[in-house]
J.: 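Provided herewith is a single structure, encoded as structure tokens, for subsequent inquiry.
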There are 2 protein chains.
Amino acid sequence: MRNHAADAKVFKAFCDENRLQILQMLRNGEKCACVLLEHLQISQSTLSHHMKILCDSGIVVGRKEGKWTHYSISASGSEYAKHLLELLTTQTDSAQQTDCK
Amino acid sequence: MRNHAADAKVFKAFCDENRLQILQMLRNGEKCACVLLEHLQISQSTLSHHMKILCDSGIVVGRKEGKWTHYSISASGSEYAKHLLELLTTQTDSAQQTDCK
DNA sequence: AATACATATCGAAAAAAGTCAATGTGTAAA
DNA sequence: TTTACACATTGACTTTTTTCGATATGTATT
């Protein structure tokens with residue numbers, strides 16, 4: 001039996017336009033928050049909020065280095081999301097139509 | 001250049017616990033709304049709202065038959081979501097670290 | 001030790017999403 | 001042509017999410 005709340009959390013990473021824009025940027029390689037911020041029309045605290053959601057979902061990982069935090073797409077997190085998507089949308093072996101009551 | 005709003009819409013299907021529970025049920029085969037409703041702790045109007053979001057995302061399709069609407073997971077919609085997920089999480093060929101400002 | 005910088009956290013406001021009861025619409029049976 | 005049923009839509013309310021400015025925290029430089 002799946003934990004729907006935990007599963008939903010993974011996909012929340014992809015449910016916001018700003019987060020998709022962030023992911024788009026990270027596809028080109030690791031970026032620190034200050035660089036991401038330069039390309040977005042949001043405040044620093046809002047960016048920090050989105051990065052937290054992205055990291056909590058497992059799709060992004062942060063690497064602290066001195067004053068900076070470098071973010072990148074997590075290969076394992078992405079694979080897990082794909083696995084989950086497969087799981088959620090694939091018919092079961094015994095799939096059949098259910099009669100109305 | 002991707003349409004982030006449209007992409008986000010696809011993944012919203014997977015961002016709510018009730019919708020994940022609905023998908024879980026549909027994995028076992030096509031179900032009409034009344035059957036889904038029997039297994040959920042939500043009102044009929046709320047279910048209708050969720051089915052609209054699921055259908056709008058392309059993950060679910062509805063088939064009207066007399067008084068009933070039979071819902072099922074769309075194979076093509078699911079494939080599209082997988083394709084999108086791949087697109088959003090895969091590094092580009094030229095991926096590289098970007099220096100801080 | 002003082003300052004500057006990068007990022008996180010807090011608290012409040014605004015926007016979006018989820019929820020329900022009531023009502024509307026379309027279909028079939030009586 | 002009533003009546004009953006299945007589902008959609010509306011409007012109001014609640015909850016969650018997004019957003020920002022202000023402030024805190026940690027790190028490096030002067």
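Chain letters run A, B, ... following the sequence lines, proteins first, then strands; residues in each count from 1.
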J.: Please report, rounded to the nearest Å, how far the C1' atom of D/dT19 is from the CE atom of A/M51.
T.: 17 Å
J.: Rounded to the nearest angstrom, tell me the gap between atom CD1 in A/I42 and atom P in C/dT7.
T.: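 In whole Å, C/dT7 P and A/I42 CD1 are 13 Å from each other.
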J.: Say whether, by atom type as modelled, one donor and one acceptor occur between the side chain of B/T46 and the main chain of B/I42 under 3.5 angstrom.
T.: no
J.: Rounding to an integer number of Å, can you tell me how far B/L36 CG sits from D/dA8 C1'?
T.: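 Value for this atom pair: 15 Å.
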J.: Going by the salt bridge (Lys or Arg N to Asp or Glu O under 4.0 Å) test, which pairs reach into residues 84-98 of chain A, not counting sequence neighbours?
T.: A/E86-B/K82
J.: B/Y80 vs B/I59, test: side-chain contact (heavy atoms from CB on, under 4.5 Å). Steps then yes/no.
T.: CA-CA 9 Å; B/Y80 182 67; B/I59 301 298; over 6 Å; no
J.: Applying side-chain contact (heavy atoms from CB on, under 4.5 Å) to A/V60 and A/S72, what does each step give before you reach the verdict?
T.: CA-CA 6 Å; A/V60 167; A/S72 57; over 6 Å; no
J.: Please work out if B/L47 contacts a base, only the sugar-phosphate, or nothing of the nucleic acid, heavy-atom cut-off 4.0 Å.
T.: nothing
J.: Measure all distances between protein nitrogen or oxygen atoms and nitrogen or oxygen atoms of nucleotides 11-16 of chain C, and list the pairs falling under 3.5 Å.
T.:
none

J.: Tell me, yes or no, whether the heavy-atom count around A/H83 atom NE2, taken from other residues, nucleotides or ligands under 6.0 Å, exceeds 12.
T.: no
J.: Checking B/D7 now: which residues fulfil salt bridge (Lys or Arg N to Asp or Glu O under 4.0 Å) with it, not counting sequence neighbours?
T.: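 Here the qualifying residues are B/R2.
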J.: Heavy atoms within less than 4.0 Å of DNA chain D: which residues of residues 13-31 of chain A have one? Give them sorted by number.
T.: A/D16, A/N18, A/R19
J.: Taking only the side-chain heavy atoms of B/T69 (C-beta and beyond), determine which of C/dT9, D/dC7, C/dT19 contains the nearest atom.
T.: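 Of C/dT9, D/dC7, C/dT19, D/dC7 is nearest to the side chain of B/T69.
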J.: Report, one pair per line, the protein and nucleotides 21-28 of chain D atoms (nitrogen or oxygen only) whose separation is under 3.5 Å.
T.:
from	atom 1	to	atom 2	distance (Å)
D/dG21	N7	A/S45	OG	3.4
D/dG21	O6	A/S45	OG	3.0

J.: Provide, to the nearest angstrom, the distance between the CG atom belonging to A/L40 and the P atom belonging to D/dT18.
T.: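 Going from CG in A/L40 over to P in D/dT18 covers 14 Å.
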J.: Choosing from C/dT7, D/dC7, C/dT9, which nucleotide comes nearest the side chain of A/K52?
T.: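 Of the candidates, C/dT9 comes closest.
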J.: Walk me through whether A/C32 and A/Y71 qualify under side-chain contact (heavy atoms from CB on, under 4.5 Å).
T.: CA-CA 6 Å; A/C32 80; A/Y71 294 101; over 6 Å; no
J.: Tell me, which pairs form a salt bridge (Lys or Arg N to Asp or Glu O under 4.0 Å) where one or both residues lie in residues 22-33 of chain B, sequence neighbours left out?
T.: B/E30-B/R63
J.: Whole Å only: how far is the OH atom of B/Y71 from the P atom of D/dC7?
T.: 7 Å
J.: Measuring from the side chain of A/H50 (C-beta onward, heavy atoms only), which nucleotide among D/dT19, C/dT19, D/dT18 has the closest atom?
T.: D/dT19
J.: Is it true that a side-chain atom of B/T90 and a backbone atom of B/L87 form a donor plus acceptor pair closer than 3.5 Å?
T.: no
J.: Ignoring backbone atoms, establish whether A/H49 has a side-chain N or O less than 4.0 Å from OP1 or OP2 of D/dC20.
T.: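 No.
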